[in-house]
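My questions will all concern the structure given below.
Quick note: numbers below take in every heavy atom, side chains included, and nothing from hydrogens, waters or symmetry partners. Each ligand, and each atom within it, is numbered from 1 in the order the structure gives.
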Amino acid sequence: MEELLSKIAHCVEFGKVDKTAPYPPDMKGQEGADELTKQAIEQGIPAETILKEALVIGMDKVGVKFSEKKIFIPQMLMSAKAMNAAIEHLKPFFQSGEVKRKGKFIIATVQGDLHDIGKNLVKMSIEGAGWEVIDLGVDVKAEKVIASIEQNPGAIVGLSALLTTTMANMKNSVADIKAKYPESIVMVGGAPVSQGFCNEIGADFYAPDPQAAVAFLKAK
Ligand code: B1M
């Protein structure tokens with residue numbers, strides 16, 4: 001099991017999508033994140049283990065190498081592509097919750113931020129927990145979230161941010177949403193976000209991961 005997980009992490013780290021992918025040249029002809037994740041599922045490795053012990057590990061290495069200027073945007077995009085290929089196989093497990101809708105959840109990555117892998121994982125888990133999710137996408141202005149609350153009264157809002165620079169937009173979005181709809185519940189998450197930041201900006205809940213987001217909604 002460990003060997004397969006570390007192979008998947010390697011594919012994410014080096015952006016190997018599938019067997020037919022010519023990139024990276026030194027892995028040409030080898031199986032990629034797509035085939036190996038399928039094998040892991042077939043071997044009965046839980047989706048959450050694959051996510052935490054392979055995909056996120058690979059992505060963390062990508063993040064470190066990017067910070068150290070050892071890789072650049074194109075390589076980071078290939079890693080995102082490999083991760084998405086793997087996530088396709090995990091989807092049914094995140095989405096296999098009860099079908100009955102428990103409520104509505106509006107989710108968005110804040111203005112200026114294009115990172116959506118984490119947001120999409122949270123979306124899948126929340127859908128799996130039986131909520132109808134309205135996904136506004138990435139680079140979303142507060143006005144768009146507010147318009148969605150107008151159309152979906154009572155919906156809980158989830159905002160994701162991955163950049164320290166877009167945390168300011170998260171703060172402004174929470175302020176704008178609360179000014180218009182003081183009773184609305186806003187959940188925040190994303191790698192640079194913390195409980196302290198959540199408290200500081202007046203959001204209602206900080207979820208470090210999809211499991212915490214689902215646990216919060218279950219208690220609603
Ligand atoms: Co970017 N990027 N990126 N990037 N990128 C980071 C975030 C960075 C940390 C890399 C680094 O330098 N080490 C760095 C940010 C530094 C900082 O702000 N301090 C960075 C940078 C600088 C940039 C650019 C500015 C680079 C440039 O152009 N010079 C640029 C910005 C573009 C923009 O947004 N305007 C950029 C671009 C990109 C790509 C487009 C190439 C690509 C994104 C592709 C995509 O998302 N479709 C990309 C990637 C892949 C990364 C890293 C490598 C991986 C992010 C990721 O998907 N992680 C990342 C480094 C890293 O995080 N290791 C990095 C896996 C994902 C599962 O984790 O999103 O944290 P995460 O989600 C978690 C939790 O946080 C939580 O649940 C998820 C599962 O556990 N969660 C929530 C997330 N949202 C939640 C919401 C919730 C609840 C929980 O409730 C609502």
Side-chain angles (χ1 to χ4, degrees), residues 8-9 12-15 17 33 47-88 90-91 94 104-129 131 133-141 145 148 155-170 173-174 177 184-195 197-198 201 203-217:
I8 297 170
V12 171
E13 181 181 353
F14 292 94
V17 179
E48 212 179 309
T49 306
I50 300 172
L51 176 65
K52 287 189 173 161
E53 293 175 28
L55 305 182
V56 170
I57 304 260
M59 264 306 184
D60 281 346
K61 289 188 178 159
V62 172
V64 171
K65 286 197 281 187
F66 182 78
S67 308
E68 293 170 348
K69 297 194 171 31
K70 287 182 180 152
I71 60 162
F72 301 93
I73 302 286
Q75 287 100 323
M76 208 146 76
L77 277 172
M78 289 312 295
S79 292
K81 217 173 158 191
M83 176 135 183
N84 281 327
I87 284 174
E88 276 303 307
L90 306 188
K91 253 186 193 170
F94 285 106
K104 289 187 182 182
F105 188 81
I106 299 166
I107 195 162
T109 300
V110 298
Q111 184 176 7
D113 203 319
L114 302 176
H115 296 85
D116 67 355
I117 296 174
K119 168 186 75 65
N120 293 342
L121 285 168
V122 174
K123 173 189 171 180
M124 282 191 269
S125 299
I126 291 176
E127 275 175 347
W131 288 66
V133 180
I134 298 140
D135 184 359
L136 301 180
V138 295
D139 188 16
V140 179
K141 289 185 177 159
V145 180
S148 185
I156 294 181
V157 176
L159 299 176
S160 178
L162 259 285
L163 298 170
T164 42
T165 47
T166 57
M167 286 169 78
N169 297 340
M170 178 177 263
S173 292
V174 172
I177 293 165
S184 64
I185 297 173
V186 184
M187 178 194 294
V188 290
V193 179
S194 63
Q195 185 62 57
F197 182 69
C198 168
I201 66 173
D204 299 281
F205 185 71
Y206 162 62
D209 52 38
Q211 294 72 34
V214 167
F216 174 74
L217 294 180

For M83, run the side-chain contact (heavy atoms from CB on, under 4.5 Å) check against L51, V62, V17 and tell me which one passes.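 Exactly one candidate clears the test, L51.
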How far is atom 81 (N) of ligand 1 from its nearest protein heavy atom, and which residue and atom is that?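 Residue, atom and distance for the closest contact: G190 N, 3.6 Å.
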Do K65's NZ or CZ and the ring of F14 fall within the cation-pi criteria of under 6.0 Å and 45°?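 Yes, a cation-pi geometry.
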CG of N120 to NE2 of H115: how many Å apart, nearest 0.5 Å?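 One gets 12.5 Å once the value is rounded to the nearest 0.5 Å.
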Under 2.8 Å from atom 1 (Co) of ligand 1, which protein N, O or S atoms do you find? Ignore water molecules.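 Listed by chain and number, the atoms are H115 NE2.
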Measure the distance from atom 73 (C) of ligand 1 to every protein heavy atom, then report the residue, atom name and distance (to 0.1 Å) of the closest one.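 Closest protein heavy atom to atom 73 (C) of ligand 1: G118 CA, 4.2 Å.
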Say whether, by atom type as modelled, one donor and one acceptor occur between the side chain of D204 and the main chain of V186 under 3.5 angstrom.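 Yes; at least one donor-acceptor contact below 3.5 Å.
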Less than 4.0 Å from atom 56 (C) of ligand 1, is there any heavy atom belonging to the protein?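 It does not: no protein heavy atom is found less than 4.0 Å away from atom 56 (C) of ligand 1.
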Just how far is it from atom CD1 of I87 to atom CE of M124, taken to the nearest 0.5 Å?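 Those atoms lie 5.0 Å apart.
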Give me the nearest non-hydrogen protein atom to atom 77 (O) of ligand 1 as residue plus atom name, then the distance to 0.1 Å.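 Atom 77 (O) of ligand 1 sits closest to the protein heavy atom P210 CD, 3.5 Å.
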Are any of the N/O atoms in V64 less than 3.5 Å from those in ligand 1?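 No: no nitrogen or oxygen of V64 is under 3.5 Å from one in ligand 1.
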Relative to atom 87 (C) of ligand 1, which among A80, A212, G189 owns the nearest non-hydrogen atom?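 Result: the heavy atom closest to atom 87 (C) of ligand 1 is in G189.
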Would you find a donor on one side and an acceptor on the other, under 3.5 Å apart, between the side chain of Y206 and the backbone of V193?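 Checking the backbone N and O of V193 against the side chain of Y206, a donor-acceptor pair under 3.5 Å is found.
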Geometric class of the F216/F205 ring pair [parallel <30°, tilted 30-60°, perpendicular >60°]: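 Taking F216 first and then F205, their aromatic rings lie parallel (interplane angle under 30°).
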Is atom 59 (C) of ligand 1 in close reach of the protein, with a heavy atom under 4.0 Å away?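 No.
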As an exercise, identify every atom of ligand 1 less than 4.0 angstrom from a heavy atom of D113.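 Here the atoms of ligand 1 in question are 34 (O).
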Which one of V62, N120, I73 has a non-hydrogen atom at the shortest distance from atom 28 (O) of ligand 1?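 Among V62, N120, I73, the closest heavy atom to atom 28 (O) of ligand 1 comes from I73.
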Short list, please: which atoms of ligand 1 are under 4.0 Å from a heavy atom of S67?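 Contacts of ligand 1 toward S67, numbered from 1: 11 (C), 12 (O), 13 (N).
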Are any of the protein's heavy atoms under 4.0 angstrom from atom 9 (C) of ligand 1, yes or no?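 No, no protein heavy atom sits under 4.0 Å from atom 9 (C) of ligand 1.
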If you scan the protein for heavy atoms around atom 36 (C) of ligand 1, do you find one that is closer than 4.0 Å?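 Looking at atom 36 (C) of ligand 1, one finds that a protein heavy atom does lie closer than 4.0 Å.
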Numbered atoms and elements of ligand 1 in range of G158, under 4.0 angstrom, heavy atoms: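 Here the atoms of ligand 1 in question are 91 (C).
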Using a plain distance cutoff, I'd like to know if N84 has any nitrogen or oxygen under 3.5 Å from a nitrogen or oxygen of ligand 1.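 N/O-N/O distance below 3.5 Å does not exist for this pair.
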Below 4.0 Å, non-hydrogen atoms only: which portion of D139 touches ligand 1? Side chain, backbone, both or neither.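 For D139, no heavy atom sits under 4.0 Å from ligand 1.
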Can you see which heavy atom on G158 is nearest to which on F105, and at what distance?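 G158 and F105 have their closest heavy atoms at CA-CZ, 3.6 Å.
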Which atom of A212 lies closest to which atom of P208, heavy atoms considered: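 Distance-wise, the nearest heavy atoms are CB-CD, 3.5 Å.
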Quick one: side-chain contact (heavy atoms from CB on, under 4.5 Å) partners of D139, sequence neighbours excluded?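 side-chain contact (heavy atoms from CB on, under 4.5 Å) check on D139 returns Q111, L114.
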Would you please determine whether A213 falls within less than 4.0 Å of ligand 1 on a heavy-atom basis?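 A213: no contact with ligand 1 (<4.0 Å).
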Using the rule side-chain contact (heavy atoms from CB on, under 4.5 Å), only one of N169, T166, V138, V140 pairs with D113; which is it?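 Single side-chain contact (heavy atoms from CB on, under 4.5 Å) partner of D113 among N169, T166, V138, V140: T166.
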To the nearest 0.5 angstrom, please state how far the OG1 atom of T109 sits from the CG atom of L159.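 The OG1 atom of T109 sits 9.0 Å away from the CG atom of L159.
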Residue, atom name and distance, where the atom is the protein heavy atom closest to atom 76 (C) of ligand 1: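 Looking at atom 76 (C) of ligand 1, the protein heavy atom closest to it is P208 O, 3.4 Å.
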Atom 40 (C) of ligand 1: nearest protein contact (heavy atom, Å):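 Answer for atom 40 (C) of ligand 1: L77 CD2, 3.9 Å.
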Of the protein's non-hydrogen atoms, which lies at the shortest distance from atom 18 (O) of ligand 1, and what is that distance?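 The answer is T164 N, 2.8 Å.
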Heavy-atom closest contact (M170 atom, S160 atom, distance):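 Smallest heavy-atom distance, with atoms named: CE-C, 3.8 Å.
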Is the shortest N/O to N/O distance between L121 and ligand 1 below 3.5 Å?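 No: no nitrogen or oxygen of L121 is under 3.5 Å from one in ligand 1.
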State whether the shortest distance between N or O atoms of S160 and N or O atoms of ligand 1 falls below 3.5 angstrom.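 Such a contact does occur with ligand 1.
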Spacing of Q211 atom CD and L121 atom CG [to the nearest 0.5 Å]: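 Answer for the CD-CG pair, Q211 versus L121, is 9.0 Å.
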For D60, side-chain contact (heavy atoms from CB on, under 4.5 Å) partners two or more places apart: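 Here the qualifying residues are V56.
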Atom 90 (O) of ligand 1 [closest protein heavy-atom partner, distance rounded to 0.1 Å]: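 Sorting protein heavy atoms by distance from atom 90 (O) of ligand 1 puts M187 SD, 3.5 Å first.
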If you round to the nearest 0.5 Å, how far is CD1 of I134 from NZ of K123?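 The CD1 atom of I134 is 11.0 Å from NZ of K123, to the nearest 0.5 Å.
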Under the side-chain contact (heavy atoms from CB on, under 4.5 Å) test, residues paired with T164 that sit two or more places apart: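 Partners of T164 under the side-chain contact (heavy atoms from CB on, under 4.5 Å) test: M167, P192.
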Identify, for atom 89 (C) of ligand 1, the protein heavy atom at the shortest distance, and state residue, atom and that distance.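 Looking at atom 89 (C) of ligand 1, the protein heavy atom closest to it is A207 O, 3.1 Å.
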